[in-house]
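Residue numbers begin at 1 in each chain, while the letters A, B, ... track the order of the sequences. All of these numbers come straight from a predicted model, not from anything done at the bench.
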There are 2 protein chains.
Amino acid sequence: MVEQGGGASGAGCMGCPLRQRGEWCVLNEEETRFLSRHLKKRRYRAGETIFSAGEPSHGVYCVASGTAAIRKGDAEGNTVLLRLAYPGDTLGYRGLLLGENRRYGAEALGPSKICFVDRAVVKLLLERNPTLGQQFLRRIASDMDEAHDHLVRNATLSNRDKFVHLLQSLMNRHGRTATDGSRFMELPLSRRDLASMIGARHETLSRIIGRLEEDGIARFSGRTVYVARSHSLFNAIRPPTLLD
Amino acid sequence: MVEQGGGASGAGCMGCPLRQRGEWCVLNEEETRFLSRHLKKRRYRAGETIFSAGEPSHGVYCVASGTAAIRKGDAEGNTVLLRLAYPGDTLGYRGLLLGENRRYGAEALGPSKICFVDRAVVKLLLERNPTLGQQFLRRIASDMDEAHDHLVRNATLSNRDKFVHLLQSLMNRHGRTATDGSRFMELPLSRRDLASMIGARHETLSRIIGRLEEDGIARFSGRTVYVARSHSLFNAIRPPTLLD
DNA sequence: CTCAAAATTTGACCATCGTCAATTGATCCG
DNA sequence: CGGATCAATTGACGATGGTCAAATTTTGAG
């Protein structure tokens, strides 16, 4: 199951999306080869756990293909889906930096390939190439921004508007354009998970979806979502008390 | 208004709380002197703005004394108080790292002394002492954890429980113990700001406060809060549907 | 393909929250 | 001191969201 470096493409990290998008893009050819030799690439099936909250952090994970979900729970056993990770994203750097156990879990949402980089390898590369550290800094800083935006949205928007916003960002990632110019996508998440992302119960989300269909904002069929025009999702954020 | 290094204590950064608590604690004596010479210390009055969203990031700010509030708004003009900063905390590193304009504003909540460190100075120190970079990494990672915990709480708790949690953390910072063992504190925030921290309207917060008083959880008088025992706040998180 | 388990939807009902509006209380200048 | 302004509280009411329960659909194992 575990491949050493090579990967299915046969070119190791050289052909990996991480090479372009992730923080590793600052590595030179030699360093990339080193990374290539020492990472462990592994296939995950849908729903498979990548790592779990509470366990020690031995390294970081990089999404090569597929989608991963970051889950975090509180003391009462409630669980929340914090965010999704896509190819090029690096997971689990926090535990590594702080030397703490993982505070959240990650799982593959669909068939995915994910690389594991041992902390020793990260450390070596960080020493050889200080730019890598800067990349990580930038990455975390940008994650912070995202988290803060998330906090503000959660504090100010209604569940409906939060869901519309979630649909927008999912559409950006997963959306395709049909021949008639309308947009559609295959949702990577169950309703329960969608609900947990906006901090609502799944029953509430069902009703929100119903209302969106009534209002002609979007059409839902299983995990497929259709939107008339991508704009209509934007407009949907302020639909009430506009026409009276 | 602006002092160079020396500061009121006359010992520069040597006697500054940042020396113990902040990320700057890894600097040696020479580096600290350098920092001391090149930072600008400034007094702020209650309510004064430290920096505002949208303006360019020229450096970082360090709280030497007092309390600062981090405010962030969304497109609709809603404003949220994200968190408070205390002596030893460093503000505004994100804009610096990403080279972006400030995404949030900071203001002094009471009379405060806050030091400004120009980006050039930070850069120099980072080059001289790589440990400083690691400190910043740890700091951001820890801020991320806090933000994620915040997100989970907001998604799972009721406004009442969020407020109780907020009171707990404020009590940890601002609380004093009376002779009879009870705890009390002077709230550093207006009701409006307290409400914005839990994502509720101030009218709702008024009613939550009323309920907490009815239930004997806490007593509010202006900005002073009394709690019977510090435990009772903890117990308050799950008060309903326990006795029936 | 079939059946059981899980996910989703729907209904009924109640608690909470937001909004509007009016009142009271506090603060700040002049 | 007085008046103006802002903060905080309270009431009324409608909208939203949570809970419990049942019905329906989808999914997955065999």
### Task
State plainly whether the residues E203(A) and R192(A) are in salt-bridge range, i.e. N to O under 4.0 Å.
no

What is the distance, to the nearest angstrom, from the [atom1] atom on [X] to the [atom2] atom on [N]?
X: L194(A); N: dT9(C); atom1: CG; atom2: C1'; result: 15 Å
X: H202(A); N: dA22(D); atom1: NE2; atom2: P; result: 15 Å
X: R45(B); N: dC28(C); atom1: CZ; atom2: C1'; result: 15 Å
X: L157(A); N: dC17(C); atom1: CG; atom2: C1'; result: 15 Å
X: R160(A); N: dA15(D); atom1: CZ; atom2: C1'; result: 13 Å
X: E213(B); N: dT10(D); atom1: CD; atom2: P; result: 9 Å
X: F220(B); N: dA26(C); atom1: CZ; atom2: P; result: 17 Å
X: R201(B); N: dC13(D); atom1: CZ; atom2: C1'; result: 17 Å

When you get a sec, tell me which of [options] is the closest nucleotide to the side chain of [X]?
X: S190(B); options: dG18(D), dT8(C), dA8(D); value: dA8(D)
X: R192(B); options: dA8(D), dG17(D), dT8(C); value: dA8(D)
X: E203(B); options: dT10(D), dC20(D), dG18(C); value: dT10(D)
X: T204(B); options: dA8(D), dG18(D), dC17(C); value: dC17(C)

### Query
If you draw the axis of the six-membered ring of Y104(A), does the NZ or CZ of R102(A) fall within 45° of it and under 6.0 Å from the ring centre?
no

Report which part of the nucleic acid [X] touches: base, sugar-phosphate, or nothing (heavy-atom distance under 4.0 Å, all strands).
X: R223(A); result: nothing
X: G47(A); result: nothing
X: R207(A); result: base

### Query
Does some side-chain heavy atom of L84(A) sit less than 4.5 Å from a side-chain heavy atom of I70(A)?
no

### Message
Is there a side-chain contact between V227(A) and F184(A) in this structure, where contact means two heavy atoms from C-beta onward sitting under 4.5 Å apart?
### Response
no

### Query
Is there a side-chain polar atom (N or O) of R191(A) under 4.0 Å from OP1 or OP2 of dT10(C)?
no

### Query
Between E107(B) and T49(B), do the side chains contain an N or O donor and an N or O acceptor separated by less than 3.5 Å?
no

